[in-house]
Each structure stands twice: as C-alpha cells, then as structure tokens.
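Below, read A as the first sequence line, B as the second, and so on, with proteins coming before strands; counting in each chain starts at 1.
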2 protein chains.
Amino acid sequence: MPRRTPSEPSLPESELDVLRILWDRGQGTVREVLQVAKEAGLPWSYATVATLLDRLEAKGMVASDRSELAFLYRPTIDAQEVRRKRVNHLVEKLYEGEPGLLVMHLLKTHSLDPEQAKQVRSLLDGLAAETKTSRPPR
Amino acid sequence: MPRRTPSEPSLPESELDVLRILWDRGQGTVREVLQVAKEAGLPWSYATVATLLDRLEAKGMVASDRSELAFLYRPTIDAQEVRRKRVNHLVEKLYEGEPGLLVMHLLKTHSLDPEQAKQVRSLLDGLAAETKTSRPPR
DNA sequence: GACGTTGTGCGACACTTGTCTTAGGATACA
DNA sequence: TGTATCCTAAGACAAGTGTCGCACAACGTC
C-alpha cells in the first residue's frame with residue numbers, strides 16, 4: 001500500500017526548472033534563480049525557489065557554498081546525465097526500446113535546418129564505418 | 001499556495017503503463033490488464049489496476065463498455081499523440097527546443113541497425129528535397 | 001543600537017500519485 | 001438456494017509535489 005521506494009531520487013518538473021537555470025548560469029543564489037525564473041514566466045515566490053533548492057540539495061543534485069550571506073548553489077549533476085536518463089526512459093516507454101523509432105519520429109515531425117541535416121548525415125556515415133570495422137560506437 | 005490547475009490532464013507513469021497495455025491489445029478488462037502487467041513484472045493488485053483505469057476514464061483517455069459483467073476498457077487517445085507531447089516536452093526542456101540536438105544525441109549514443117540507418121538517410125534526403133521546393137514538411 | 005532589508009529554517013497545506021481494503025451486487029454452480 | 005467467485009464502488013492513506021508564510025538571524029546604515 002505504501003509506494004515502493006525508488007532506487008534513484010526523482011527529479012520533478014519544478015526542480016528540473018531550477019536545475020536548468022543553474023546549468024545555464026553555472027551557479028546562483030535563491031534570488032538570482034528567482035529572477036531568471038520570473039523572466040521565464042514562472043510565477044514563483046522566493047520561498048518556493050528556496051524550497052526547491054533545498055530539496056535538490058537533499059538529493060545531492062546541487063551543492064551550496066555557505067560562506068557568504070546568501071548561499072550560492074551549484075549543480076552537481078550535469079545536464080547530459082539527465083538528458084540521457086530522460087531519453088532512455090522515453091525510448092523504453094514509448095518507442096519499444098528502439099531509439100531508431102524516435103529518430104524517425106523526430107525527422108518526420110520536425111524539419112532540421114540544413115546545417116543540422118548535414119551533421120546528422122555525417123554522424124550516420126561515421127557510425128556506419130565504425131560498425132563495419134566492428135568497433136562499438138562511443 | 002494551492003497548485004494552479006493544469007490546462008491539460010496529466011498522465012502519470014502508472015497510468016501510462018496501463019495505457020500502453022491497452023494500446024497493445026486494443027482493449028481489455030481489469031483482469032486482463034492486470035494479467036499483462038504482472039507478466040511485465042509490475043507488482044500491482046487488482047484494485048490498483050481498477051483505480052488506474054478509473055482515473056484514466058475520468059480524464060477521458062479511455063472509455064468503457066459496460067454491457068458485460070466485467071467492463072471493457074478501450075483507449076481513446078492514441079499512442080502517437082502521447083509520443084508527440086512527450087517528445088516536444090523533452091525537446092523544450094532539455095534540448096533548447098532544438099529537435100536536431102536530440103537527434104544527434106540519439107545517434108551518438110545508440111547505434112542504429114543498418115536497416116534503420118538506411119531509412120533515416122532516405123528520410124533525410126526526402127526532407128531536403130521538400131525544403132528545396134519550399135514545401136513545408138509534413 | 002534601532003530599523004529596515006535580505007537571508008535561511010521550518011513548517012504547513014492542498015492536490016497528485018501509488019497502492020490497497022472492504023462492502024456489497026452479480027454470477028455460477030453444487 | 002447456499003456458497004464460492006468475480007466485479008465495481010467508494011474510500012483510505014502514505015509519500016511526493018507545488019507553493020507558500022512566518023519567525024528569527026545577519027547586515028547595513030544613520
């Protein structure tokens with residue numbers, strides 16, 4: 001009846017929002033994060049941001065430097081890591097575990113600008129080559 | 001202080017799990033869904049599944065045929081719709097609104113099998129062509 | 001050193017999500 | 001028809017999330 005304890009800490013939307021702000025600026029105080037959040041249209045109060053940062057710190061996703069009056073928070077997990085997890089989860093749950101399906105969905109639904117298209121193509125070529133020489137891609 | 005009412009109904013993980021089962025089989029009773037869920041390793045009880053289906057119905061995401069003893073549930077939103085939303089959200093929140101970045105992430109991180117690679121390539125070519133003739137991609 | 005300003009600490013509260021229990025109606029069958 | 005089954009209805013309840021309020025400490029300044 002209670003919910004099973006997750007092995008990994010969760011990362012709810014609002015916490016992700018503040019994390020994104022920290023990733024962007026490298027670090028920030030409560031007030032600074034609040035400022036950016038407001039500009040981004042989030043209707044948060046000071047206390048809300050403080051709570052979110054607290055919770056993130058409790059989960060070890062940010063660390064704080066408390067030597068100054070206003071604590072300075074800094075992310076301790078990187079965006080890439082979070083992206084990886086989210087993408088994997090998405091692929092698992094909605095693309096039958098087939099990243100290729102997601103790629104195709106993306107290409108069908110959104111048009112890449114030529115520059116990106118080129119990059120994608122060369123990436124594709126690179127991988128094909130690696131596959132031939134049986135070296136696993138990075 | 002209360003949370004603002006979301007314009008769209010949410011779709012929590014566990015509800016998505018039962019939805020996926022329904023997408024898979026087209027329809028199902030509580031017991032059938034439970035059965036599949038168990039096989040997939042979910043430790044749910046009968047009542048849990050019933051609750052989840054109730055909630056989904058309340059949100060209009062499934063409909064039920066109540067003419068038989070055991071209600072028959074059927075999804076009323078399709079997987080593609082949910083995929084679209086999730087992908088957009090992911091791109092917004094973690095890929096700066098740039099689908100291309102996600103595509104590249106996927107290609108770098110996972111190797112497509114040759115068949116898919118081929119498909120991707122031709123998709124890419126198709127889109128390039130369409131762009132040239134200034135027709136918006138689908 | 002009193003006062004306004006800015007910070008943190010701590011708690012609070014409603015709504016959501018994950019999970020079940022239990023009562024009571026229908027069905028099936030000995 | 002009595003009894004075991006299976007179903008749905010209605011709650012219940014804990015933990016997670018979204019959002020603060022407020023008391024109290026530090027600081028800056030006249």
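- Between the B:T29 side chain and the B:A70 main chain, no donor and acceptor come within less than 3.5 Å of each other.
- Neither OP1 nor OP2 of C:dT21 sits under 4.0 Å from any side-chain N or O of B:Y46.
- B:T48 comes within contact range of at least one nucleobase, with a heavy-atom separation under 4.0 Å.
- Nucleic acid contact for B:F71: sugar-phosphate only, since backbone atoms but no base atoms lie under 4.0 Å from a heavy atom of the residue.
- One finds no side-chain N or O of B:R4 lying less than 4.0 angstrom from the OP1 or OP2 phosphate oxygen of D:dG18.
- Going from atom CG of B:L42 over to atom P of C:dG18 covers 11 Å, rounded to whole Å.
- Here the P atom of nucleotide D:dT8 and the CD atom of B:E68 are 12 Å apart, to the nearest Å.
- Listed nucleotides C:dG7, D:dA14, D:dG18 differ in distance to A:A70; the shortest reach to its side chain belongs to C:dG7.
- Rounded to a whole Å, the CG atom of A:D54 is 16 Å from the P atom of D:dG16.
- When rounded to the nearest whole Å, the span between CG of A:L11 and C1' of D:dT17 equals 12 Å.
- Within 4.0 Å of A:A47, counting heavy atoms only, lies at least one base atom of the nucleic acid.
- In this structure, a donor-acceptor pair under 3.5 Å is absent between the side chains of A:T51 and A:T48.
- When the nearest nucleotides of DNA chain D are assigned to A:K59 and B:T29 by heavy-atom distance, the more 5′-ward of the two goes with B:T29.
- Of the candidates D:dG16, C:dG7, C:dG18, the closest approach to any side-chain atom of A:S10 belongs to D:dG16.
- The cationic atom of A:R31 (NZ for Lys, CZ for Arg) does not lie both less than 6.0 Å from the six-membered ring centre of A:Y46 and within 45° of the ring axis.
- Taking for each of A:P12 and B:R55 the nucleotide of DNA chain D with the nearest heavy atom, the 5'-most of the two is the partner of B:R55.
- Under the salt bridge (charged side-chain N to carboxylate O under 4.0 Å, His left out) test applied with A:E32, the options A:K38, A:R74, A:R25 reduce to a single match, A:R25.
- Counting any heavy atom pair closer than 4.0 Å across all strands shown, B:T51 reaches a base atom.
- The phosphate of C:dT6 (OP1 or OP2) has no side-chain N or O of A:R31 nearer than 4.0 angstrom.
- With distances taken from any side-chain atom of A:R66 to the nucleotides C:dG9, C:dG18, D:dG18, the minimum falls on C:dG9.
- Atom pair B:E8:CD and C:dT16:C1' shows a separation of 17 Å (rounding to whole Å applied).
- Checked against D:dG16, D:dC20, D:dG18, the side chain of A:R3 finds its nearest nucleotide in D:dG16.
- In this structure, B:M61 places its CE atom 10 Å from P of C:dT17, rounding to the nearest Å.
- An OP1 or OP2 oxygen of D:dG18 is reached within less than 4.0 angstrom by a side-chain nitrogen or oxygen of A:S14.
- Rounded to whole angstrom, the span from the CG atom of A:L56 across to the P atom of D:dT17 amounts to 11 Å.
- In terms of phosphate contacts, A:W44 brings no side-chain nitrogen or oxygen within less than 4.0 Å of OP1 or OP2 of D:dC20.
- For the residue pair B:H89 and A:E13, a side-chain donor N or O sits within less than 3.5 Å of a side-chain acceptor on the partner.
- Following rounding to the nearest Å, A:L53 (CG) and C:dG9 (C1') show an atom-to-atom distance of 14 Å.
- No donor-acceptor pair closer than 3.5 Å links the side chain of B:R55 to the backbone N or O of B:E15.
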